[in-house]
Amino acid sequence: MSLMKDTALRNAEQLGMAIRLKRKELGLSQSALAELLGVERKWVLRLEAGNPKAEFALVLKTLESVGLRMLLRDQARLDKATSAASSRL
């Protein structure tokens, strides 16, 4: 069972931290993950450190490789729904 929980990510550092946690949970070394992705270990190291310039397609491939999924939400819609629910109370 995973220790990961749904998390709202606000920056590249938080994404890197989530990937690192999941990689370690799976028992993968940075080198092993790099081999799966077809990149150098240095790329994985930089991604986990929060590199904001990492190639997006490789980031998505990394997420898939460690079993994570990215979800986008419309913040304005979410805020509106939360506000409406609060006013009913």
Rounded to the nearest 0.5 Å, what's the gap from [atom1] on [X] to [atom2] on [Y]? Could you check?
{"X": "Lys24", "Y": "Gln30", "atom1": "NZ", "atom2": "CD", "result": "8.0 Å"}
{"X": "Thr7", "Y": "Arg10", "atom1": "OG1", "atom2": "CZ", "result": "11.0 Å"}
{"X": "Asn11", "Y": "Met17", "atom1": "CG", "atom2": "CE", "result": "8.0 Å"}
{"X": "Leu36", "Y": "Leu28", "atom1": "CG", "atom2": "CG", "result": "6.5 Å"}
{"X": "Lys42", "Y": "Ser31", "atom1": "NZ", "atom2": "OG", "result": "13.0 Å"}
{"X": "Ser65", "Y": "Leu37", "atom1": "OG", "atom2": "CG", "result": "4.5 Å"}

Apply salt bridge (Lys or Arg N to Asp or Glu O under 4.0 Å) to the pair Glu64 and Arg69, showing each step before the final yes or no.
CA-CA 7 Å; Glu64 183 179 336; Arg69 178 174 295 173; over 6 Å; no
So Thr62 and Trp43, side chain to side chain contact (heavy atoms under 4.5 Å, CB included) or not? Walk me through it.
CA-CA 11 Å; Thr62 303; Trp43 188 88; 3.4 Å; yes
Do Leu15 and Leu63 touch side chain to side chain, with heavy atoms closer than 4.5 Å?
yes
So does Leu21 get a backbone contact from the side chain of Glu25, meaning a donor-acceptor N/O pair under 3.5 Å?
no
Look at the side chain of Arg20 and the backbone N and O of Glu48, then say whether any donor-acceptor pair between them is shorter than 3.5 Å.
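Here the side-chain-to-backbone pair exists.
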Decide yes or no on side chain to side chain contact (heavy atoms under 4.5 Å, CB included) for Met70 and Leu60, but give the supporting numbers first.
CA-CA 8 Å; Met70 186 179 300; Leu60 291 176; 4.1 Å; yes
Show your working on side chain to side chain contact (heavy atoms under 4.5 Å, CB included) between Leu58 and Leu47 and close with a plain yes or no.
CA-CA 10 Å; Leu58 275 175; Leu47 177 65; over 6 Å; no
Check against side chain to side chain contact (heavy atoms under 4.5 Å, CB included), Asn51 and Leu45
CA-CA 9 Å; Asn51 178 10; Leu45 180 75; over 6 Å; no
Do you know the tightest heavy-atom contact between Ala12 and Gly50?
CB-O, 3.2 Å
Glu35 atom CD: more than 12 heavy-atom contacts under 6.0 Å
no
